[in-house]
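Scroll down for the structure; my scribbles are underneath it.
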Amino acid sequence: MEMSVTLKSVFIVEDSVAVRARLVELVRAIDGVTVVGEAGTPIDAVIGIMNTRPDFVVLDFQLEGGTGADVLRMIRPQMPNAVVIVLTNYPLAQIRRACLDAGANAFFDKTSEFGKIKDVIAGAAPA
């Protein structure tokens, strides 16, 4: 019997170049996962995500020119099965609720839950 390995694809949206590089490094360290794109603004994120159709999106909440919730509202109707992980320095209840209502699968605090991104991606089954 022939086994085929399906890589999990991840798109990273983060406006801080340093944090984005750290996220890329974290994700690339996961076996069977590839980073298919990066963006720092909502419009670049939507275009990149729609073009690459990733299995996972790691999405910063506060972006230059908008929010992660804006991106979620634009991509979710066309990509209902993508796993979207919101990462933020603003883990307020109302922001969490707005992101989950817009279709986020997970919501993590950058300062204390950064490593949980790896757990979610590594633990999820390929799409």
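Just so it is clear, the values below take in all heavy atoms, side chains as well, and ignore hydrogens, waters and symmetry mates. We're numbering straight along the sequence, starting at 1.
- Between L92 and F107 the shortest heavy-atom distance is O-CZ, 4.5 Å.
- For the atom pair CG of L59 and CD1 of I49, the computed distance is 6.5 Å after rounding to the nearest 0.5 Å.
- Side-chain contact check for I85 versus N105: every heavy-atom pair is 4.5 Å or farther apart.
- A distance of 8.5 Å separates CD1 of I30 from CG of D119, quoted to the nearest 0.5 Å.
- Linking Ile, Leu, Val, Met, Phe, Trp and Tyr residues whenever their side-chain heavy atoms come within less than 4.5 Å places V83 and V24 in a single cluster.
- Residues M50 and V57 fall within the same hydrophobic cluster, defined by Ile, Leu, Val, Met, Phe, Trp and Tyr side chains chained together at heavy-atom separations under 4.5 Å.
- Residues A102 and A69 share a closest heavy-atom pair of CB-O, 4.2 Å.
- Nearest approach of C99 to V86, heavy atoms of both residues: SG-CG1, 3.9 Å.
- Residues L87 and I95 do not share a hydrophobic cluster, defined by chaining ILVMFWY side chains whose heavy atoms lie under 4.5 Å apart.
- Using a 4.0 Å cut-off between charged nitrogen and carboxylate oxygen, K110 and D60 count as a salt-bridge pair.
- Shown here is E64, whose CD atom has no more than 12 heavy atoms of other residues, nucleotides or ligands within 6.0 Å.
- In this structure, S9 contributes its side chain and D55 its backbone to a donor-acceptor pair below 3.5 Å.
- In this structure, V36 is not a member of the same hydrophobic cluster as V27, with clusters built from ILVMFWY side-chain heavy atoms closer than 4.5 Å.
- The distance from atom CD1 of I75 to atom CD1 of I47, rounded to the nearest 0.5 Å, is 13.0 Å.
- Looking only at distances, a side-chain donor or acceptor of R20 sits under 3.5 Å from a matching main-chain atom of E14.
- No side-chain donor-acceptor contact under 3.5 Å links D44 to the backbone of G40.
- For K8 against F56, the heavy-atom pair with the smallest separation is CD-CE1, 3.8 Å.
- For L63 against G68, the heavy-atom pair with the smallest separation is CD1-N, 4.1 Å.
- A donor-acceptor pair under 3.5 Å links the side-chain atoms of T67 to the main chain of D70, judged by distance alone.
- With contacts defined as side-chain heavy-atom distances shorter than 4.5 Å, the pair L23/V10 does not qualify.
- Taking a 6.0 Å sphere around CD of Q94, one finds it holds more than 12 heavy atoms contributed by other residues, nucleotides or ligands.
- Contact of the F108 side chain with the V120 side chain is registered, since non-hydrogen atoms from C-beta on lie closer than 4.5 Å.
- Using a 4.5 Å heavy-atom threshold, the side chains of V84 and V71 count as separate.
- The shortest side-chain heavy-atom distance between Q62 and D15 does not fall under the 4.5 Å cut-off.
- In R76, the CZ atom is crowded: over 12 heavy atoms of neighbouring residues, nucleotides or ligands sit closer than 6.0 Å.
- Taking all atoms of both residues into account, the shortest heavy-atom contact from P77 to L72 is CD-O, 4.4 Å.
- When hydrophobic clusters are built by joining Ile, Leu, Val, Met, Phe, Trp and Tyr residues whose side-chain heavy atoms come closer than 4.5 Å, directly or via intermediates, M79 is not grouped with V33.
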